[in-house]
Colleague: 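Can you keep this structure in mind? I'll have questions shortly.
The chain is numbered in sequence order, starting from 1.
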Amino acid sequence: MRPGSTQRTSAGVIRIDSITEVAPDALTDDDALRSGVGSLAELHRLLSRRAGVAVYRMEVSPAGPDPRVALREQDEITAEERSVVEARLDRWDAARAEGPWTREVLRLIAERPGVHSPDLAASLGRETLPFKRDVRKLKELGLTRSLAVGYELSPRGRAYLC
């Protein structure tokens with residue numbers, strides 16, 4: 001992280017405004033609350049698990065919505081957009097020593113929305129964590145979205161598969 005950089009979060013994109021190293025004993029109740037911890041004592045307890053590790057205060061601000069949200073909600077895909085998606089999927093397929101995977105995973109998610117990722121991975125004879133990394137790649141293209149359990153194709157993903 002560097003000041004000026006951005007990060008996607010579940011609340012949208014945030015901008016990193018500043019980063020400063022701070023001594024744990026200089027932290028305040030406000031620091032604890034702003035970090036999402038209920039009290040300064042709780043923050044100190046959490047930090048004590050990481051004794052000897054530097055502590056930083058980051059100031060962030062909203063930088064806009066996550067662009068993937070608008071992308072995945074598109075229910076039509078132009079020929080040019082399809083071509084871009086095809087090229088990316090082809091590159092990912094070519095890079096995998098075990099062979100192509102992208103369209104197989106998209107079809108599996110289309111057929112089995114809301115199924116636990118370990119079950120989806122097992123149905124392909126794959127380990128869960130690498131499978132989940134691959135689904136995140138598809139999510140970056142706006143083709144899938146995560147559910148409370150499992151995944152589903154986004155409107156853009158359905159348009160791509162048609």
Colleague: Can you tell me which residue pairs pass the salt bridge (charged side-chain N to carboxylate O under 4.0 Å, His left out) test with a partner in residues 146-162, sequence neighbours excluded?
Modeller: Arg145-Glu152

Colleague: With a 4.5 Å heavy-atom cut-off, do Gln7 and Val13 have their side chains touching?
Modeller: no

Colleague: With rounding to the nearest 0.5 angstrom, report the CD1 to CD distance, Ile16 to Glu59.
Modeller: 10.5 Å

Colleague: For the pair Leu153 and Leu161, evaluate side-chain contact (heavy atoms from CB on, under 4.5 Å) and give the outcome as yes or no after the intermediate values.
Modeller: CA-CA 9 Å; Leu153 288 185; Leu161 280 186; 3.4 Å; yes

Colleague: State the CG-CD1 distance between Leu143 and Ile109, to the nearest 0.5 angstrom.
Modeller: 9.5 Å

Colleague: Under 4.5 Å between any side-chain heavy atoms of Ser123 and Leu108, yes or no?
Modeller: yes

Colleague: Heavy-atom distance under 4.5 Å between the side chains of Ser154 and Glu73, does that happen here?
Modeller: no

Colleague: Mind checking side chain to side chain donor-acceptor pair (under 3.5 Å) for Gln74 and listing every partner two or more places apart, or none if nothing turns up?
Modeller: none

Colleague: For Glu42, what residues pass the side chain to side chain donor-acceptor pair (under 3.5 Å) criterion, not counting sequence neighbours?
Modeller: Arg45

Colleague: Is the closest side-chain heavy-atom distance between Ser35 and Leu43 below 4.5 Å?
Modeller: yes

Colleague: State the CG-CG distance between Asp30 and Leu40, to the nearest 0.5 angstrom.
Modeller: 10.5 Å

Colleague: Can you tell me how far CG of Leu106 sits from CD of Glu111, rounded to the nearest 0.5 angstrom?
Modeller: 11.0 Å

Colleague: When you compare the side chains of Tyr160 and Glu81, does any donor N or O come within less than 3.5 Å of an acceptor on the partner?
Modeller: no

Colleague: How far does CE of Met1 sit from OG of Ser18, to the nearest 0.5 angstrom?
Modeller: 13.0 Å

Colleague: Using a 6.0 Å cut-off, check whether atom CD of Glu21 has over 12 heavy atoms from anything other than its own residue.
Modeller: yes

Colleague: If you define the side chain from C-beta out and look only at heavy atoms, does anything of Tyr151 sit under 4.5 Å from Leu120?
Modeller: yes

Colleague: Using a 4.5 Å cut-off on heavy atoms from C-beta on, say whether the side chain of Ile14 contacts that of Ser61.
Modeller: no

Colleague: Could you check whether any side-chain heavy atom of Leu89 comes within less than 4.5 Å of a side-chain heavy atom of Leu141, counting everything from C-beta outward?
Modeller: yes

Colleague: Test: side-chain hydrogen bond (donor to acceptor under 3.5 Å, both in side chains). Region: residues 129-138. Which pairs qualify, not counting sequence neighbours?
Modeller: Arg96-Asp134, Arg126-Asp134

Colleague: Count the heavy atoms of every other residue, nucleotide or ligand shown that sit under 6.0 Å from NE2 of His116, and state whether that count exceeds 12.
Modeller: no

Colleague: Just to verify, what does Ser117 make a side chain to side chain donor-acceptor pair (under 3.5 Å) with, not counting sequence neighbours?
Modeller: none

Colleague: For Glu140, does the CD atom sit with more than 12 other heavy atoms under 6.0 Å from it, leaving out its own atoms?
Modeller: yes

Colleague: Mind checking what makes side chain to side chain donor-acceptor pair (under 3.5 Å) contact with Asp93, not counting sequence neighbours?
Modeller: Thr102, Arg103

